[in-house]
Amino acid sequence: MSAATNRSIRLARRPRGDIEADCFRFEEAPVPEIGEGEALVRGLMISLDPTIRGWLNEVDTYMPAVRIGDVVRAGAVGQVVESRCDRYAVGDLVFGMIGWQDYAVADAAGRAMNVLPPGVEPADALGIFGITGMTAYFGMLDVARPKEGDTVFVSGAAGATGSVAGQIAKLQGCRGVGTAGTDEKCKWATEELGLDACLNYKNADLAEQLDAACPDGIDVYFDNVGGEILQLALARINQGARIALCGGISGYNAVAPPPGPNNLMQLVIQRARMEGFLVLDYVSRFPEAIAQLATWVAEGKVNNRATIVDGLENTVDAFQQLFTGGNIGKLLVRVSDPS
Ligand SMILES: NC(=O)c1ccc[n+]([C@@H]2O[C@H](COP(=O)([O-])OP(=O)(O)OC[C@H]3O[C@@H](n4cnc5c(N)ncnc54)[C@H](OP(=O)(O)O)[C@@H]3O)[C@@H](O)[C@H]2O)c1
């Protein structure tokens with residue numbers, strides 16, 4: 001191996017509230033040796049996802065909590081640099097839970113990684129054809145099920161998931177309304193993604209903005225943020241509305257459970273459905289979504305963007321951007337370039 005060290009970022013203490021730099025420690029250790037049936041993978045690009053914040057808490061969720069001292073878990077694309085198994089050839093690009101580090105070991109079973117199809121860029125494999133693209137696709141089409149003419153409201157509309165979800169709604173012939181935290185994001189969402197309106201929820205009274213943007217009410221709400229925006233959306237749903245609960249990032253750094261919406265009776269009055277979903281339940285159908293999204297991208301019908309931060313050493317700062325709204329589209333960290 002040419003590189004002598006494996007740099008890693010490990011959980012030093014569990015965050016309480018906002019992420020702070022001292023929640024993590026940087027470590028350098030020898031690059032792992034591989035055994036028979038294993039391959040050594042060098043990380044190229046890390047996916048930063050809000051769900052990582054949940055894994056840093058003490059409580060297990062749909063995945064076990066990251067333990068103190070462990071490398072922070074994250075999906076990433078890497079390149080096979082050494083192989084002692086048939087499954088991986090040197091040079092292959094792979095996706096797997098490489099984490100916040102330079103190198104990881106893949107094997108054929110427990111730490112299996114998926115070889116990327118030829119020609120797929122790492123940023124796309126982690127974005128539009130990755131977890132966030134899949135989440136947008138199944139959350140919108142399977143859970144929210146918009147119909148032509150519906151008013152579809154998407155929060156986090158300039159983020160990785162929301163930007164794709166909003167465009168899918170537009171492709172179904174819907175009126176698309178989004179929220180985002182800056183005017184620049186809102187401009188991108190309307191001018192490039194084709195939303196009919198995008199509201200900067202940090203600017204002016206969001207209730208008034210929503211009333212103006214959704215004069216006929218809301219038929220579908222794709223919720224990425226929870227909190228106050230969910231409450232405002234609930235207040236405006238139409239009969240038979242569908243709310244797809246994708247995530248609730250506004251509460252991920254809360255030290256105590258945030259209060260729920262106080263208007264859930266709207267679901268009764270409007271005979272509406274609110275349903276949470278996890279993209280992991282759709283893994284067997286990912287090929288269907290990838291094929292459709294690839295077609296839309298090739299036809300220029302879906303715009304795809306990433307914010308890429310350079311350097312593993314900047315991962316913690318970059319991760320904080322998810323909670324301060326620094327990213328447009330998919331947030332990634334470039335660790336190294338493919339050889
Ligand atoms: N259910 C699933 O299987 C699944 C899978 C993937 C992701 N998710 C969820 O989907 C949501 C989006 O994830 P993503 O990876 O696509 O991230 P993202 O939208 O690319 O990035 C997060 C964005 O959230 C916004 N935000 C942060 N704090 C906020 C707050 N207090 N109120 C309102 N908006 C806030 C910020 O944009 P602004 O500038 O607009 O504030 C930020 O850029 C998250 O809730 C995530 O947990 C769910």
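Note that ligands are numbered from 1 as they come in the structure, with each ligand's atoms numbered from 1 the same way. Only heavy atoms go into these numbers, but all of them, side chains included; no hydrogens, no water, no symmetry mates.
With Asn6 contributing its side chain and Ala29 its backbone, the two residues share no donor-acceptor pair below 3.5 Å.
In this structure, Glu288 places its CD atom where more than 12 heavy-atom neighbours from other residues, nucleotides or ligands lie under 6.0 Å away.
Two residues are said to be in side-chain contact when any heavy atoms from C-beta on lie closer than 4.5 Å; Arg42 and Ser339 meet this criterion.
Taking all atoms of both residues into account, the shortest heavy-atom contact from Pro215 to Ala212 is CD-O, 3.6 Å.
Protein residues are said to neighbour a ligand when one of their heavy atoms lies under 4.0 Å from it; for ligand 1 these are Pro50, Thr132, Thr135, Gly159, Ala160, Thr161, Ala180, Gly181, Lys185, Tyr201, Asn224, Val225, Cys246, Gly247, Gly248, Ile249, Ser250, Tyr252, Phe277, Leu278, Val279, Leu322, Phe323, Gly325, Asn327, Gly329.
Look at Glu27 and Arg25 and you find a salt bridge, because one of the NZ, NE, NH1 or NH2 atoms lies within 4.0 Å of a carboxylate O, short of that distance.
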Cut-off 3.5 Å, no hydrogens considered: what does the side-chain donor-acceptor table look like for residues 172-179, sequence neighbours left out?
residue: Gln172; atom: NE2; partner: Ile168; partner atom: O; Å: 3.3
residue: Arg175; atom: NE; partner: Ala213; partner atom: O; Å: 3.1
residue: Arg175; atom: NH2; partner: Ala213; partner atom: O; Å: 2.8

